[in-house]
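Structure, as structure tokens:
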Amino acid sequence: MSAVRSNTQRRPVAPPTPTAQPKSQISLEEWEAKAPLSDLALKSVAAIQAASEKVTPSFKSECQSVCPCERNCLNPKRSLSRTMPRAHQLPVYVRRANSVQVPDPPLPFLRLRVHYLCMLWIPGCPVQTPQQFYDWFAQVDRSVAHSQEAHFRAHVAMVAEHLGTADMLLERLDEVETEVDSMLEAWRGVEEGGRSLKDACERLLEDRDKLLELTDEIDTRLEYFQELEHATRMLNHPGESLVLQTDFLYMVERVDICIEYLKAHRYYKEAEVYLLRFQQCMTRAMTLIKMFFVGSLRALTADVSKRLSEKDVSATAQMHLLYTRFRSVTPQLAPLLNELERRATAHPEELSALLSECHSTYFIARKTLLVGRLVEEIRGLDPTHTELVELTNAGCAYLKQLCTDEFNLFREFFDSGEDQLYPYLETLCDYLYDDLRPRILHETRLTTLCEVCTVLQALMVLDVVDLPEELPDELNVDLDHRKARGLGRLHISHLLQMVLQDAQTRLFFKAQSLIQAEIRYYVPKPEDLAYPDILVAVRKPTSQFDIREKESVSRLFQLSSLDKQETWYPTLQKTVWVLSQLHDFVKPAIFEDIAQEAVSLCRQSLVSSSATIGQRNAPASTLDGELFLVRHLLILKEVTNNLDLAGRDIQRQTGQGGVTDALASILNRTTAFLPDALFASLGMPRGYESMTDARHEIDQDLKRVCQNLISLCAKGPCEPLQEWVGRVRAFNTSRTVAPLTNPPEPVPLLTEQDWARQSAAEELHAKFVESCERDLRAAVTKLRLYLEDNRTVSVLLTHVKEAVVDGYMGYREVVWNMYAGALKGVVYSEGSLKERLSVICDE
């Protein structure tokens with residue numbers, strides 16, 4: 001058995017299979033399902049199973065069938081134990097081991113041995129001598145010993161046979177294992193081959209898909225090149241009706257797509273050649289469209305011209321022939337022209353000339369039909385005898401309607417060409433402008449020129465509104481759908497701009513000549529300087545209707561302070577009139593320049609006229625001259641504010657007149673002797689701000705004349721007081737100087753002087769009161785006459801009263817100290833004097 005184990009251990013072990021990943025074990029059922037046995041293999045398995053099921057009869061049953069004499073021999077253990085000496089017997093543990101381990105010998109071999117022992121035990125000849133006995137016994141002993149070892153030898157032979165069988169089985173197992181390994185290796189080869197075959201098939205499928213995709217892409221690209229044959233074949237079709245076929249515009253669209261595609265893929269083989277041929281096809285197609293349009297337009301023009309040349313063609317029939325007949329062919333020609341315009345925009349180098357030729361042909365045809373009718377209409381307006389305003393209104397209105405009709409008709413045919421359309425419309429307008437422009441340039445009336453500008457501006461304001469346009473649907477491509485119009489609306493201002501510029505230029509030069517003649521070099525008449533008689537003559541109550549009428553007439557100066565312009569000095573009237581005429585008809589920059597010039601010249605004329613009035617009957621008329629200048633400068637100041645020469649808006653508050661604002665603004669920049677109460681009363685802070693030159697000059701003159709006016713009003717009551725106070729102070733100063741004589745002469749007292757006595761001071765006070773009642777009241781009356789606004793008068797009177805109070809308070813202080821309060825009941829206190837002056841000024 002040790003040999004069996006060693007042989008078993010010496011069995012070759014199959015090397016591990018070099019697989020990348022361990023294979024999963026399969027069950028017996030899966031093995032039988034995947035590797036079924038053939039019929040021959042099944043028969044072999046059944047035979048081995050049947051052979052293994054046979055039972056070998058035991059050795060004891062064989063021994064029981066032998067004779068009794070042979071049983072001892074058949075039982076080697078018993079015979080040996082009986083016959084062999086104890087010393088020659090095996091140890092117990094060996095026998096037990098042998099009894100357990102050693103199998104029984106085969107039965108035929110035992111039978112033969114028993115017979116052989118029986119024959120040995122019976123001697124062949126009688127034993128006669130001891131030696132024979134010993135020889136026989138030795139022979140028997142050897143036979144017994146041999147017989148005792150026979151089952152060992154039999155067992156060894158049997159074991160050797162089993163070992164041979166086991167070795168054969170091992171060899172068969174090795175062969176089977178080798179076969180299984182070869183089968184497994186073959187299966188792996190098949191699996192690898194199947195996987196390789198699968199990968200190869202997948203690659204073939206991918207290559208097939210790539211080839212199919214490449215074939216489709218090649219077919220797609222070849223479609224662009226194959227389109228050339230179809231386009232060439234269609235363009236070679238004779239006849240002018242080719243452009244009217246339904247497939248023509250589709251072919252043009254396809255050729256355009258092919259051109260764009262080839263431009264984007266110039267690296268294709270022969271792409272440049274095909275691109276050139278496609279461009280030639282496009283040019284041929286657009287040329288056919290141009291030729292068809294030109295031919296159709298010329299035929300229509302000839303027919304319409306023939307009909308118009310007939311006699312007694314009514315205006316309705318003319319409109320039908322000139323516009324309705326042309327609109328009737330637009331459904332046929334407009335889609336073709338739309339395609340030409342779209343391609344000319346995309347390919348201007350090749351096709352813009354064709355589109356320009358279509359435009360020029362159209363304009364020539366329309367001008368041929370319209371010139372005769374246009375000249376006849378202008379002749380009917382009688383340009384040489386009609387008033388300029390009427391001629392401008394009627395002629396420009398007719399041209400506007402004509403240009404609008406032409407624009408709408410052009411828009412029916414074309415979606416572009418505005419650069420050529422407006423020059424054509426200007427040529428139509430030139431027939432009227434040739435008669436209108438000389439009349440404008442020689443017009444001498446400023447109002448007429450303003451009315452002409454008004455008419456032209458009204459026509460330009462009432463321009464054609466934007467026409468609604470349909471947006472194209474991006475999802476649906478319709479070749480018959482008209483694209484969004486490129487011509488939005490007619491800008492009639494482009495056509496009237498030249499005439500308007502001529503009228504504005506003439507208006508500007510005429511205004512300048514009026515400013516020089518009527519303002520700068522104006523020579524005043526005696527009645528122009530009759531102030532305050534002019535104010536007294538027109539000082540009468542005005543109805544609310546008259547005020548509203550004045551406001552409605554003067555659109556530029558909507559202020560109550562600018563009413564009663566008949567009381568103004570003529571140069572101021574002319575300035576306001578000229579500026580109001582120019583304001584709406586010239587450019588702002590030009591208007592500002594001429595307005596500053598007019599205001600400056602008007603201010604100079606007012607200053608010179610004020611000096612003339614003041615010197616006419618001095619000193620009584622001095623106050624009239626100053627009030628004249630204050631009145632007109634305030635009005636001129638308000639005019640400049642309304643014109644906004646400073647470039648900023650001036651907010652007018654409700655209940656506060658514009659003249660009052662101007663006066664307060666001027667007094668805000670006067671000298672520092674004016675109190676802050678004035679600015680608080682007007683609700684204005686003191687400050688300084690920049691102005692233009694014209695307004696600055698007016699402010700400076702107003703500042704000066706306001707100071708003179710306040711001084712003149714306070715001069716009558718306060719001048720005697722101020723002279724007397726000055727004389728007193730001079731006398732006191734002379735007394736304080738040391739006398740030069742030795743010994744010094746006595747200096748008389750102040751109160752001893754005749755002019756300084758108490759009675760003289762009282763008389764002076766009485767004259768002051770009388771002057772206030774007479775002179776100050778008269779000054780206040782004139783102030784209210786020249787300046788009709790109560791707030792303006794109150795602003796000036798406040799400063800007049802403060803000047804009178806300041807002059808009287810100096811006198812009061814002197815007499816209070818001189819007479820030790822003796823005149824306490826005579827002179828006024830500051831409060832009582834203010835009350836008295838308020839009573840005088842408010843009456």
Side-chain angles (χ1 to χ4, degrees), residues 531-532 606-634 637 659-660 662-679 681-682 686 698-727 729 764 767-787 792-814 828 830 833-834 836-838 840-841:
Y531 285 89
L606 292 176
V607 171
S608 61
S609 300
S610 173
T612 303
I613 294 174
Q615 297 172 2
R616 181 180 55 185
N617 191 14
S621 61
T622 304
L623 184 61
D624 291 326
E626 298 297 334
L627 287 173
F628 167 85
L629 186 58
V630 170
R631 170 186 173 84
H632 287 85
L633 286 180
L634 287 175
K637 174 69 175 179
V659 175
T660 305
L663 179 61
S665 177
I666 296 304
L667 295 180
N668 190 34
R669 289 180 290 275
T670 55
T671 56
F673 76 87
L674 296 178
D676 293 337
L678 167 65
F679 307 102
S681 64
L682 294 175
R686 301 190 65 167
I698 296 175
D699 292 345
Q700 294 298 322
D701 289 339
L702 270 176
K703 171 183 173 182
R704 175 185 56 80
V705 73
C706 285
Q707 293 176 1
N708 295 337
L709 179 61
I710 294 171
S711 300
L712 285 175
C713 291
K715 180 180 180 180
C718 296
E719 187 176 12
L721 299 180
Q722 292 173 352
E723 291 178 357
W724 188 82
V725 171
R727 190 173 180 182
R729 290 175 179 174
L764 193 61
K767 290 182 179 180
F768 168 78
V769 174
E770 181 182 0
S771 178
C772 287
E773 293 291 338
R774 183 186 67 252
D775 298 337
L776 184 58
R777 193 182 298 275
V780 171
T781 302
K782 283 191 175 183
L783 192 62
R784 294 184 185 278
L785 178 63
Y786 280 90
L787 305 177
T792 306
V793 174
S794 64
V795 169
L796 290 173
L797 287 180
T798 300
H799 291 278
V800 171
K801 288 186 289 185
E802 289 178 356
V804 173
V805 170
D806 291 340
Y808 184 80
M809 285 298 102
Y811 163 77
R812 183 180 184 278
E813 181 181 1
V814 171
Y828 291 123
E830 183 176 358
L833 178 60
K834 288 183 178 179
R836 182 58 183 169
L837 292 177
S838 299
I840 295 174
C841 294

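As the structure is a computational prediction, the values presented were derived from the model and not from experiment.
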For Pro717 and Cys772 the tightest heavy-atom approach is CB-SG, 3.6 Å
Nearest-0.5 Å distance, CD of residue Gln707 to CD of residue Glu626: 11.0 Å
Whether the side chain of Ser838 engages the backbone of Lys834 through a donor-acceptor N/O pair (distance < 3.5 Å, no angle test) should be reported. yes
Can you give the donor-acceptor pairs under 3.5 Å from side chains of residues 804-811 to other protein atoms, not counting sequence neighbours?
{"from": "Tyr808", "atom 1": "OH", "to": "His765", "atom 2": "ND1", "distance (Å)": "3.0"}
{"from": "Tyr808", "atom 1": "OH", "to": "Tyr828", "atom 2": "N", "distance (Å)": "2.8"}
{"from": "Tyr811", "atom 1": "OH", "to": "Ala761", "atom 2": "O", "distance (Å)": "2.6"}

Separation between OG1 of Thr798 and CG of Leu837, rounded to the nearest 0.5 Å: 11.5 Å
Quick one: does any side-chain atom of Ser610 pair with a main-chain N or O of Phe628 as donor and acceptor, under 3.5 Å? no
Hey, mind stepping through Leu709 and Leu783 against side-chain contact (heavy atoms from CB on, under 4.5 Å) and telling me if it holds? CA-CA 10 Å; Leu709 179 61; Leu783 192 62; 3.9 Å; yes
Reported CZ-to-CZ distance for the pair Phe768 and Arg812, which is rounded to 0.5 angstrom: 12.0 Å
Evaluate the side-chain contact (heavy atoms from CB on, under 4.5 Å) criterion for residues Val780 and Leu797: first the C-alpha distance (whole Å), next the side-chain angles of each, then the deciding distance (0.1 Å), finally the verdict. CA-CA 8 Å; Val780 171; Leu797 287 180; 3.6 Å; yes
Closest heavy-atom pair and its distance - Arg631, Tyr786: NH1-O, 2.7 Å
Closest non-hydrogen atom pair between Cys713 and Val800, with its separation: CB-CG1, 3.7 Å
Intermediate values then yes/no, side-chain contact (heavy atoms from CB on, under 4.5 Å), Leu833 and Lys801: CA-CA 9 Å; Leu833 178 60; Lys801 288 186 289 185; over 6 Å; no
Quick one: do Arg727 and Glu723 make a salt bridge, cutoff under 4.0 Å? no
